[in-house]
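Below you'll find the structure, written out as structure tokens, and then a few comments.
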Amino acid sequence: MSYRTLDDLGDGKRVLSRLDLNSPVSVGVVEDNRRFARHARTVRELVDAGHRVALLAHQGRPGRDTFVTLEQHADILAEHIDHPVEYVPDTYGQTALDAIEYLDDGEVVLLENVRMTDDELPERDPEEHAQSALVRTLAPEFDAYVGDAYSAAHRKHASVVGFPLEMDAYAGRVMADEYEANSAIATREFDGEVTMVAGGTKATDVIEVMTTLRDKVDNFLLGGVVGELFLRAVGYDVGRDIDENDLYESQWLANREQIADLIENHPSDLVYPTDLAYADGADERAEVTVAEVKNKDHDYLDVGSDTAEQYADIAANSEAVFVKGALGMFEDERFSDGTVRVLDAIAQGDCFSVVGGGDTSRAIEMYGMDEADFSHVSIAGGAYINALTGKPLPGVEVLKDDGEW
Ligand SMILES: Nc1ncnc2c1ncn2[C@@H]1O[C@H](COP(=O)(O)OP(=O)(O)OP(=O)(O)O)[C@@H](O)[C@H]1O
Ligand SMILES: O=C(O)[C@H](O)COP(=O)(O)O
């Protein structure tokens, strides 16, 4: 292999590791989520090997409500690794350097939100970031850098790409697992059918993925906002904004040519919903066939049960299934049927499966499914899209020894 992992790191070193603990924050409270659980594996291994560990991570972006310190993150991570994690309210000033100097074997500190420094956010090449004060100050304090922030690896930010040029660099467990599973569609050949669930609200992303993978995927199961845009393109009266929610019109204008191109050149790969679900006058789930839909009457928030059954069947008979986006607004139980039935079919089958997207993957725990029944459940958003479309991830590239993983 041409990249080093924790297996190559040895023990008893001074280690700087970049994680991605970026989390939902509501009214100042940071929500525990699977990013903590995943990175806990890397951090726990570093602790068990007796390394002195300093962690770098970010939260939100300047100007947003989610831009908060990492104090709560330290407590949540400590719970996950069952070991103290000391929050240091400084990233690379004297307070941080003191905390790093006094680390003992197996001790862990979490440095302040790295996006609170001016160095982090400019998108720059690794060579330039390696000259930043952040990198030049912290790098000499450590023996090794462990890159684990796969879900931030699409960003050319200082703590993601700057350190590996100056230090011995290794991929953490999250980095290596995510990279291998998410790149599978671009790098692996499958003998049987390859299916992609193409749903959710971020139609522009999904349609880009579909366009890139059109020769690799046999069935695109269309749902969510994406599904309605495709239905609109073939003449059904759906996929227009109601109550100015702006999910449809701007994405329709931005993508209608790519949609038309896919319909013209890959018609047999596109699987359309045959029925849709909405909330009726009594606020209960009701269904109509697509031939009967009248967009002005309802918001269509899930695929109907005939569609769910057909999609579940296709997924169950595929050799590989990649999920990008939910088939409906599953957070509301009335509209969870399509998403849950297809995920269930994947979980119960033995296909190679990757479920991505922060929102979509939440359905797995919300509806009592077991992550272990999927080949991989990604914690990445933008980086997952890059992987699906075969675009290189700068935070991954810098960890490679010879330019090839
Ligand atoms: N018809 C629909 N109308 C409105 N929302 C929908 C509809 N179908 C699916 N959704 C929403 O789509 C969301 C999931 O897809 P979305 O594209 O937003 O994100 P994702 O792919 O999970 O990834 P990430 O948030 O990481 O970018 C769910 O929260 C679901 O409520
Ligand atoms: O949460 C994420 O997707 C990553 O941490 C990247 O965050 P960003 O989109 O604010 O750069």
Side-chain angles (χ1 to χ4, degrees), residues 18-25 33-35 39 56-64 66-67 73 113-115 120-121 123 148-157 159-160 174 178 196-207 209 222-231 238-243 245-248 251 273 276-279 293 295 298-304 307 322-340 342-343 354-364 366 377-386 388 393-395:
R18 173 61 155 103
L19 314 180
D20 185 358
L21 301 177
N22 196 30
S23 301
V25 177
N33 64 90
R34 58 158 60 75
R35 284 189 173 167
H39 285 296
L56 276 174
H58 73 274
Q59 175 60 57
R61 280 177 178 257
R64 298 201 186 152
T66 53
F67 187 57
H73 301 68
N113 186 347
V114 67
R115 288 189 178 174
E120 174 69 357
L121 277 169
E123 289 272 335
D148 212 29
Y150 177 86
S151 45
H154 56 311
R155 306 289 186 211
K156 287 199 313 195
H157 293 165
S159 66
V160 178
V174 173
E178 288 269 4
M196 171 165 282
V197 175
T201 55
K202 292 169 192 131
T204 300
D205 283 349
V206 178
I207 290 160
V209 170
L222 301 168
V225 170
V226 178
E228 289 183 52
L229 293 180
F230 274 84
L231 285 172
V238 288
R240 296 192 182 87
D241 292 312
I242 295 175
D243 300 333
N245 60 6
D246 197 27
L247 281 174
Y248 296 101
Q251 298 202 95
L276 294 170
Y278 62 95
V293 291
N295 183 64
H298 307 290
D299 263 329
Y300 295 104
L301 297 176
D302 193 11
V303 296
T307 305
F322 295 82
V323 179
K324 173 57 195 148
L327 290 171
M329 212 173 77
F330 65 84
E331 293 88 344
D332 181 333
E333 210 174 332
R334 293 171 302 171
F335 302 112
S336 62
D337 193 48
T339 305
V340 172
V342 170
L343 287 175
V354 181
V355 181
D359 288 318
T360 307
S361 51
R362 270 211 329 270
I364 292 173
M366 215 168 156
V377 178
S378 177
I379 53 172
Y384 181 58
I385 298 286
N386 275 39
L388 291 180
L393 293 161

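Along the sequence shown, residues are numbered consecutively beginning with 1. Indexing begins at 1, ligand by ligand and atom by atom, following the structure's order.
Protein residues with any heavy atom under 4.0 Å from ligand 2: Asp20, Asn22, Arg35, His58, Arg61, Arg115, Ser151, Arg155.
In this structure, atom 4 (C) of ligand 1 lies nearest to the protein heavy atom Leu247 CD1, 3.9 Å. Protein heavy atom nearest atom 26 (O) of ligand 1, with residue, atom name and distance: Gly358 N, 2.6 Å. Of all protein heavy atoms, the one closest to atom 19 (O) of ligand 1 is Lys202 NZ, 3.4 Å. In this structure, atom 3 (N) of ligand 1 lies nearest to the protein heavy atom Leu301 CD2, 3.6 Å. The closest protein non-hydrogen atom to atom 23 (O) of ligand 1 is Gly357 CA, 3.3 Å. The protein atom (non-hydrogen) at minimum distance from atom 1 (N) of ligand 1 is Tyr300 O, 3.1 Å.
Remark: among candidates Val197, Val226, Thr201, the nearest residue to atom 18 (O) of ligand 1 is Thr201, based on non-hydrogen atoms. When the heavy-atom distances from atom 21 (O) of ligand 1 to Lys324, Arg362, Glu331 are ranked, the shortest goes to Lys324. When Gly200, Ala383, Gly356 are ranked by how near their heavy atoms come to atom 12 (O) of ligand 1, first place goes to Gly200.
Set against the non-hydrogen atoms of Gly381, the atoms of ligand 1 under 4.0 Å away are 26 (O). Numbered from 1 in the order shown, with element, the atoms of ligand 1 that lie under 4.0 Å from a heavy atom of Glu228 read 1 (N). Taking every heavy atom of Phe330 and a limit of under 4.0 angstrom, the matching atoms of ligand 1 come to 28 (C). Every atom of ligand 1 with a heavy atom of Asp359 under 4.0 Å away is listed here by number and element: 14 (C), 18 (O), 19 (O), 22 (O), 23 (O), 25 (O), 29 (O). Heavy-atom proximity to Thr360, at under 4.0 Å, picks out these atoms of ligand 1: 14 (C), 15 (O), 20 (P), 21 (O), 22 (O).
Between Glu120 and Lys156, none of the side-chain N atoms (NZ, or NE/NH1/NH2) sits under 4.0 Å from a carboxylate O, so this pair counts as no salt bridge.
Asn386 and Leu393 get closest at one heavy-atom pair: CB-CD2, 3.5 Å.
Judged by distance alone, with hydrogens and angles left aside, the side-chain atoms of Asp20 form no donor-acceptor pair with the main-chain N or O of Arg35 at under 3.5 Å. At distances below 3.5 Å, not a single donor-acceptor pair connects side-chain atoms of Gln59 with backbone N or O atoms of Phe67.
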side-chain contact (heavy atoms from CB on, under 4.5 Å) for Leu327 and Val342? Distances and angles first, verdict last. CA-CA 9 Å; Leu327 290 171; Val342 170; 3.6 Å; yes
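Scored by the side chain to side chain contact (heavy atoms under 4.5 Å, CB included) test, Leu247 finds Thr201, Val225, Asp241, Asn245 as partners (sequence neighbours excluded). Shown here are the salt bridge (Lys or Arg N to Asp or Glu O under 4.0 Å) partners of Arg362, two or more places apart in sequence or in another chain: Glu331, Asp359. Residues passing the salt bridge (Lys or Arg N to Asp or Glu O under 4.0 Å) test with Arg115: none are found, sequence neighbours excluded.
For the 3.5 Å distance criterion, the side chains of His39 and Asp148 qualify, holding a donor opposite an acceptor.
The CG atom of Leu229 sits 10.0 Å away from the CG atom of Leu222 when rounded to the nearest 0.5 Å.
In summary, of the residues considered (Asn22, Leu121, Thr66), a side-chain contact (heavy atoms from CB on, under 4.5 Å) with Arg61 occurs for Leu121 alone.
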